[in-house]
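None of the values given here were measured: they were computed from a predicted structure. For ligands, and for the atoms within them, numbers begin at 1 and follow the listed sequence. We count residues from 1, following the sequence as given.
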Amino acid sequence: MLANKTALVTGSTSGIGLGIAKALARQGANIVLNGFGDVEGPKSEIAALGVQVDYHGADMSKASEIEDMMKFVSARFGRTDILVNNAGIQHVARVEDFPVDRWDAVIAINLSSAFHTTRLALPAMREANWGRIINVASVHGLVASAEKSAYVAAKHGIVGLTKVTALETAPTGVTCNAICPGWVLTPLVQKQVDAKAAALGLSNEEAKKVLLGEKEPSMQFTTPEELGELAVFFCSPAANNVRGVAWNMDGGWVAQ
Ligand code: NAD
């Protein structure tokens, strides 16, 4: 379905981003990976799916590096057809204790980076009259939790950016939507499981149950594979007129 399309997935060396990159690759899209840590492993997993894959190591907190990455994708593949804004970090502290540098980093990586990639990808998408922008927000783009001020502010912000981008592109073949996962067991969440296990003197399995029990009636983690299939749907012809939604996949978290 996505042969001859190129997808740039930010923060795709791990977790949800890698799951989405693999799902798009399975549909034939060429992939540009981004993120820190091991690059060769994710690259060979994508190459094994029979598509072209490349990597740019832009730090998503830096506008100049994002500009460089967008030029790299255009030079390598012609343009970014599918943009998945996924890179994100978390920091947990009460507002009055929140380190200012962590606030700035969360807002830059989880919100401002999507503004930069979107503004730079849109001209070529408009010219082609086809494009898909998928913002990985969170249930925290819809509801709040204590001690996550920067994250909740950034995720509510990216849901807002999604709606504005969807309105501005509404008469075109470019769509913009957000995905709002509940708990997904990635390194970002394992850190929170570890913190709970340490604070309450629990095993890893017990801490996972406590974490799920606080928020997710299904008592199940959503998987990167499931989120990847939602991204594939947003890229399909059936989703041509799905614009500006913030679609939660959260085991019932925000239904409560
Ligand atoms: P993760 O830690 O597994 O992956 C984060 C990715 O972002 C990694 O590839 C990392 O290298 C990259 N990254 C971090 N800082 C970066 C930077 N400055 N520049 C470039 N890349 C950077 O986390 P994840 O859980 O897969 O999170 C992915 C997205 O999903 C985030 O936006 C997160 O907020 C969102 N999300 C996660 C959950 C969850 O439960 N895990 C729930 C809702 C939303």
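In this structure, R119 satisfies the cation-pi test against F115, with its NZ or CZ atom closer than 6.0 Å to the six-membered ring centre and inside 45 degrees of the ring normal.
Aromatic rings of H91 and Y151 (six-membered ring for Trp) have centroids beyond the 6.0 Å cut-off, not under it.
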Indicate every side-chain donor-acceptor pair of residues 36-44 with a distance under 3.5 Å to a residue at least two apart or in another chain.
residue, atom, partner, partner atom, Å
D38, OD1, E40, N, 3.3
D38, OD1, G41, N, 3.4
D38, OD2, G41, N, 3.3
S44, OG, E40, O, 3.0
S44, OG, G41, O, 3.1

Could you go through ligand 1 and list every pair where one of its N or O atoms sits under 3.5 Å from a protein N or O, giving the atom names and the distance to one decimal?
residue, atom, partner, partner atom, Å
ligand 1, 3 (O), S14, OG, 2.6
ligand 1, 9 (O), G11, O, 3.2
ligand 1, 9 (O), T13, N, 3.4
ligand 1, 9 (O), T13, OG1, 2.8
ligand 1, 11 (O), T13, OG1, 3.4
ligand 1, 11 (O), F36, N, 2.8
ligand 1, 18 (N), D59, OD1, 3.0
ligand 1, 19 (N), M60, N, 2.8
ligand 1, 25 (O), T186, OG1, 2.4
ligand 1, 26 (O), I16, N, 2.8
ligand 1, 32 (O), N86, O, 2.7
ligand 1, 32 (O), K155, NZ, 2.9
ligand 1, 34 (O), Y151, OH, 2.5
ligand 1, 34 (O), K155, NZ, 3.0
ligand 1, 36 (N), Y151, OH, 3.4
ligand 1, 40 (O), G182, O, 3.3
ligand 1, 40 (O), V184, N, 2.7
ligand 1, 40 (O), V184, O, 3.3
ligand 1, 41 (N), V184, O, 3.1
ligand 1, 41 (N), T186, OG1, 3.1

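The side chain to side chain donor-acceptor pair (under 3.5 Å) contacts involving residues 181-193 comprise K148-Q192, Q190-D194, Q190-N204, where partners must be two or more places apart or lie in separate chains.
Applying salt bridge (charged side-chain N to carboxylate O under 4.0 Å, His left out) to E214 and the options K209, K208, K196 leaves one that passes, K196.
Every side chain to side chain contact (heavy atoms under 4.5 Å, CB included) that T172 has, sequence neighbours left out, goes to R126, N129, T169, V174.
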